[in-house]
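First the structure, in the form of structure tokens, and then the observations on it.
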Amino acid sequence: MIRLIRYEFIKQFCKRSILALFVVFSLANLFKIYGEYTSYSYLADGSGAQSWHTVYWQLYKEYRGEITPEKIEQLLAVYQPLAQATSDMTASTATNDPNTMTGNLYSDRNLLDKYYVTPMQYFYEYSGRSEQVANRARQSAALYRERGAVYQQRESGAIYHLYAGRTIPAFAYQEMCNYYLNYDFSIVLTLMLCLYGIIGTFVSERETQMDMLLMVSPNGGRNTTLAKILAATLFLFLTSLWFSLLDLIGFAAAFQTFDGLTLPVFAIPNFAEASVNLSIFQYVLLSAALKCAGTWVIGMLWLLVSMFWKNALLPFVINFALCIVLVVNGAVCAYSNFFWTKVLNPYSLLTNRVLLGKTEFVNLGGFPVLTWQAAVWISLTAGFVLVTAIYFLSAENCHRCVGRAK
């Protein structure tokens with residue numbers, strides 16, 4: 001079986017056209033990532049002595065690491081005079097002031113405000129805000145217990161355990177991680193490449209009528225179908241993992257640092273309500289796994305649709321339309337309160353910050369289950385149902401049928 005899987009993988013997914021698309025899409029992804037850096041980061045202003053890039057990293061050596069009262073006082077001692085000097089908008093607008101860090105008072109204030117004061121304040125105050133959420137959840141749990149509202153009590157208890165003790169003890173550069181965690185372009189490339197690769201898994205043999213010959217082969221029929229499913233699964237996993245890895249490497253190269261990966265994921269402001277207590281690096285690993293799961297389920301759906309056609313065009317159109325429906329549904333419902341719509345859509349696993357970035361529950365048998373956990377179980381169940389359907393809907397090996405008749 002291993003040799004058969006290897007043969008099917010090489011035959012279907014090691015084509016020049018697919019390999020060429022891998023290269024083209026990978027380069028397009030890297031160019032897009034570099035464009036994110038140059039378009040949105042204020043640190044992409046060159047390497048001059050008074051550039052934000054140079055000044056930031058000089059200051060970073062002093063403020064990185066554990067957040068202490070001494071560091072906060074030191075930062076405020078630099079920032080507050082700048083804020084006062086520019087508060088009435090009458091300070092000099094000269095851009096070559098030798099007594100400033102970046103050549104301009106306003107620029108100095110804006111640099112410190114954006115990259116040090118605001119994020120450090122958020123880090124320092126986060127533990128207090130999360131403790132307030134935990135205390136309210138504990139009080140709600142006690143109130144619901146008195147009223148006999150079992151599900152609401154369990155949900156409040158889950159929120160308490162999730163938020164109690166959350167803290168961000170250290171300061172680190174988090175701009176790269178912020179843009180990385182909110183980046184979606186590679187998902188489109190992954191889906192396009194996977195659709196192109198999957199579509200020919202069954203169709204190519206039907207077009208050449210090789211499927212009839214395989215029916216009388218000892219390894220034909222359902223053996224070949226199982227090998228195709230496993231080969232397609234391997235292709236889907238490798239493609240999804242490749243772009244997840246490429247995203248991380250691309251952002252680290254563009255922003256010229258891996259700093260920030262050890263921060264808790266809720267150190268990123270739009271992940272303040274994250275439903276996981278993980279570091280950003282751990283979140284990256286979980287996100288890659290969820291993307292693999294979502295890509296696999298969608299790929300099995302494409303495989304089921306394509307197995308009944310002798311021409312690649314029509315199943316490609318149908319599968320592309322199905323993909324558009326899933327993407328549009330995922331985009332429309334991403335930040336809505338229709339939790340089940342997100343849970344039932346495997347595309348949510350690809351854009352998993354929609355599920356992981358907020359603490360949301362669905363009711364499963366009277367127990368609160370986080371939406372991302374429910375989405376994983378439901379999607380994997382759907383995927384195995386699709387695999388079973390593909391296997392049993394494929395033609396049985398005629399060689400075996402003859403053997404049984406004898």
Side-chain angles (χ1 to χ4, degrees), residues 29 32-33 36 158 162 174 176-194 233 236-251 260-261 263-301 323 325-362 364 368-383:
N29 193 41
K32 175 65 175 175
I33 290 171
E36 295 278 308
L162 193 60
Q174 41 106 301
M176 183 276 285
C177 294
N178 178 42
Y179 286 116
Y180 168 69
L181 295 181
N182 289 282
Y183 182 71
D184 286 337
F185 181 68
S186 61
I187 296 174
V188 177
L189 300 179
T190 301
L191 289 174
M192 291 174 62
L193 185 56
C194 287
T233 297
L236 293 168
F237 281 1
L238 289 176
T239 303
S240 183
L241 287 173
W242 168 251
F243 281 103
S244 294
L245 177 62
L246 192 66
D247 286 352
L248 180 59
I249 293 174
F251 272 95
L261 290 176
L263 289 171
V265 70
F266 42 80
I268 306 300
N270 62 333
F271 283 82
E273 300 175 9
S275 57
V276 289
N277 288 325
L278 301 173
S279 70
I280 293 177
F281 182 70
Q282 291 170 331
Y283 175 95
V284 168
L285 298 179
L286 175 60
S287 175
L290 295 182
K291 287 180 179 180
C292 283
T295 303
W296 177 69
V297 176
I298 296 173
M300 291 302 104
L301 177 61
C323 184
V325 170
L326 293 175
V327 171
V328 171
N329 175 265
V332 170
C333 300
Y335 300 101
S336 72
N337 292 324
F338 300 106
F339 302 151
W340 276 107
T341 305
K342 290 183 277 189
V343 167
L344 295 173
N345 186 350
Y347 178 73
S348 297
L349 294 179
L350 277 74
T351 55
N352 47 68
R353 71 172 180 278
V354 171
L355 300 174
L356 296 170
K358 296 190 69 176
T359 302
E360 299 170 337
F361 298 89
V362 291
L364 287 178
V369 178
L370 288 167
T371 51
W372 73 267
Q373 295 173 338
V376 169
W377 286 110
I378 291 173
S379 292
L380 290 180
T381 300

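Positions are given from 1 along the sequence. Worth saying up front: this structure is predicted, and the values here are computed from it rather than measured.
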Report task. Just jot down the side chain to side chain donor-acceptor pair (under 3.5 Å) partners of Ser287, sequence neighbours excluded, or say none. Result -> Asn352
Report summary line: Residue set satisfying side chain to side chain donor-acceptor pair (under 3.5 Å) with Ser275, at least two apart, ordered chain then number -> none
Quick one: closest heavy-atom pair of [X] and [Y], and the distance?
X: Pro346; Y: Ile298; value: CG-CG1, 3.9 Å
X: Leu349; Y: Ala293; value: CD1-CB, 4.1 Å
X: Ser336; Y: Cys333; value: OG-O, 3.0 Å
X: Val327; Y: Tyr347; value: CG2-CE1, 3.7 Å

Requested in this report: Before giving the answer on side-chain contact (heavy atoms from CB on, under 4.5 Å), spell out for Leu263 and Cys177 the whole-Å C-alpha distance, their side-chain angles and the decisive distance to 0.1 Å.
Outcome: CA-CA 9 Å; Leu263 289 171; Cys177 294; over 6 Å; no
Please identify each residue that fulfils side chain to side chain contact (heavy atoms under 4.5 Å, CB included) with [X], with sequence neighbours left out.
X: Ser348; value: Lys342, Asn345, Leu355
X: Ala334; value: Val354
X: Leu278; value: Val276, Gln282, Leu286
X: Trp340; value: Val343, Leu344, Val362, Leu364, Ile378

Report task. Given side-chain contact (heavy atoms from CB on, under 4.5 Å), test Asp184 with Arg353 step by step and report yes or no. Result -> CA-CA 10 Å; Asp184 286 337; Arg353 71 172 180 278; 2.8 Å; yes
Report task. Could you tell me whether a side-chain N or O of Asn182 sits under 3.5 Å from a main-chain N or O of Asn178, the two making a donor and an acceptor? Result -> yes
Report summary line: The complete set of ring-ring contact (aromatic ring centres under 6.0 Å, His included) pairs with one or both residues in residues 266-285, sequence neighbours excluded, reads Tyr126-Phe266, Phe271-Tyr283
Looking at side-chain heavy atoms only, is the closest gap between [X] and [Y] below 4.5 Å?
X: Val265; Y: Leu356; answer: no
X: Thr295; Y: Thr239; answer: no
X: Cys292; Y: Leu241; answer: yes

Sort and list the pairs that fulfil salt bridge (charged side-chain N to carboxylate O under 4.0 Å, His left out) and have at least one residue in [range], not counting sequence neighbours.
range: residues 368-383; result: none
range: residues 325-334; result: none
range: residues 279-295; result: none

Query - Residue pairs passing the side-chain hydrogen bond (donor to acceptor under 3.5 Å, both in side chains) test where at least one lies in residues 240-251, sequence neighbours excluded - result: Ser26-Trp242, Asn29-Asp247, Ser186-Asp247
Requested in this report: Could I get the full list of ring pair (Phe, Tyr, Trp, His ring centres under 6.0 Å) partners for Tyr183, not counting sequence neighbours?
Outcome: Phe251
State the [atom1]-[atom2] distance between [X] and [Y], to the nearest 0.5 angstrom.
X: Leu189; Y: Lys32; atom1: CG; atom2: NZ; answer: 10.5 Å
X: Thr233; Y: Met300; atom1: OG1; atom2: CE; answer: 4.0 Å
X: Leu236; Y: Thr190; atom1: CG; atom2: OG1; answer: 10.5 Å
X: Leu290; Y: Leu350; atom1: CG; atom2: CG; answer: 9.5 Å
X: Ile187; Y: Phe243; atom1: CD1; atom2: CZ; answer: 11.5 Å
X: Ile268; Y: Ile280; atom1: CD1; atom2: CD1; answer: 4.0 Å

Report task. Assess whether side-chain contact (heavy atoms from CB on, under 4.5 Å) is satisfied between Phe361 and Val369, documenting all intermediate values. Result -> CA-CA 5 Å; Phe361 298 89; Val369 178; 5.9 Å; no
